[in-house]
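The structure under discussion appears below in the form of structure tokens.
Note that the structure is a prediction, hence the values are computed from the model and not measured. Throughout, protein chains are lettered first and strands after them, A, B, ... in sequence-line order, and every chain is numbered starting at 1.
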Amino acid sequence: MPELPEVETLRRALSATVVGRRITAIESQLPKLFVGPEEPEALVGGTVICLRRRAKFMIWDFSSRRALVMHLKLSGQLVHRDDEGRNLAAGGHPVPAFDTPLPHKATHAIMTFDDGSRLFVTDIRQFARLRVMPADEVPTFLEPFRFGPEPLSDEFGVDSLARGLQRHRRLALKPALLEQRTVAGLGNIYVDESLWRAGLHPLRPAGGVTEEELERLHTAIRSVIDRAVTHGVAEILNGRASPNHDFPAVHGREGAACPRCGTTLEKLKVAQRGTYVCGTCQVS
DNA sequence: AACTACTCCTGGAGGC
DNA sequence: TGCCTCCAGGAGTAGT
């Protein structure tokens, strides 16, 4: 579930608590979590210089000229706790709850810092992957993904979105937007929200949107991501949005009323993904 | 090259 | 209560 806004929010929170800290120990009980090329122990003794993000990857830069490249995939979670067990920063998948006693049975790695604080890497589905590599190899690692522009950057314009969709013009809009080469960092939740906001049906062919619809979609993606990053990420638990929040507007709300027109929201399966639409607002 | 379906995993929900 | 099936979903990969 962690998409761009979740990873970005987590990056910002952790930046305030781990930058300047030196790693004194690292342990992992799940061998497949760290996929190389270097061993996790290579990080010990290094001080965190900064945390970066590209698409859904979080990248830690160390004074030792090494980098830790993380992908939380569906259910990865990071919790940073001080030496008395209080949360300093937490984010990613909300299960288990961020105040759960740690380590949890799904905690697969623990990083200890020079102030006694610890970072717990927890992932109930074991899909997350961590890579330790020389810092100068990070660009080479990222290059083959050919990520599209970051949605909040100046590089993300109507023209770049048009090119991205044109590349997948025979595909439906939803899978075309999930494709990280089109726009970096969108996932299932924020694609649903963006399409609803733009009034576009997820099954529309990506190559069939008009200039005006393209503008709407561009604006919608921008505002949905910006809102999530600045005002709080989507809270989806067990595939359902909380009735107490107005965001996300449609994702996880099958059977609820469309906030715009009142039509009952439907759930579809598009490209193997649970997809929420308003049959009135989102024109096929 | 473009696209689809399956795979990796576990826990929670719902049916009976 | 308990067993079973389904579902959640990012992205890599095998197959068409």
A:Gln272 vs A:Phe127, nearer the 5' end of DNA chain B by closest nucleotide: A:Gln272
Phosphate OP1/OP2 of B:dC9 contacted by A:Lys32 side-chain N/O (<4.0 Å): yes
Touch class at under 4.0 angstrom, heavy-atom based, for A:Phe57 against every strand present: nothing
Distance in angstrom units between A:Met70 CE and C:dG10 P, rounded: 19 Å
Polar side-chain atom of A:Arg22 near backbone of A:Gly45 as donor-acceptor pair, under 3.5 Å: no
Distance below 4.0 Å between A:Lys267 side-chain N/O and C:dA8 OP1 or OP2: yes
Phosphate OP1/OP2 of B:dA2: any A:Arg169 side-chain N/O under 4.0 Å: no
Gap between atom CD of A:Glu27 and atom CZ of A:Arg118 - 0.5 Å precision: 7.5 Å
Spacing of A:Arg146 atom CZ relative to C:dA11 atom C1', expressed in whole Å: 17 Å
Short side-chain N/O contact from A:Lys56 to OP1 or OP2 of C:dA11, under 4.0 Å: yes
Sugar-phosphate only, base, or nothing, as touched by A:His93 at under 4.0 Å among non-hydrogen atoms: nothing
Length of the line joining A:His104:NE2 and B:dC9:P, which is rounded to integer Å: 18 Å
Per A:Lys105 side chain, nearest of listed nucleotides C:dG10, B:dG11, B:dC3: B:dG11
Ring geometry between A:Phe147 and A:Phe145 (parallel below 30°, tilted from 30 to 60°, perpendicular above 60°): parallel
Whole-Å distance separating the CD atom of A:Gln126 from the P atom of B:dT10: 5 Å
Electrostatic pair A:Glu150-A:Arg53, nearest N-O below 4.0 angstrom: yes
Heavy-atom side-chain contact between A:Leu4 and A:Leu186 under 4.5 Å: no
Nearest-angstrom distance from the residue atom CE of A:Met58 to C1' of C:dG10: 15 Å
N/O (side chain, A:His71) to phosphate O (OP1/OP2, C:dG10) under 4.0 Å: no
Integer-rounded Å distance: C:dG12 C1' and A:Leu72 CG: 17 Å
N/O (side chain, A:Lys73) to phosphate O (OP1/OP2, C:dA8) under 4.0 Å: no
Inter-residue atom distance A:Arg227.CZ - A:Phe247.CZ, 0.5 Å rounding: 5.0 Å
Listed nucleotide nearest any side-chain atom of A:Phe145, set B:dC9, C:dG12, B:dG11: C:dG12
Interatomic distance, A:Leu203 CG vs B:dC3 P [rounded to whole Å]: 15 Å
Touch class at under 4.0 angstrom, heavy-atom based, for A:Leu171 against every strand present: sugar-phosphate
Residue-phosphate contact under 4.0 Å: A:His168 side-chain N/O, B:dC3 OP1/OP2: yes
Interatomic distance where CD belongs to A:Glu254 and C1' belongs to C:dC6 [whole Å]: 14 Å
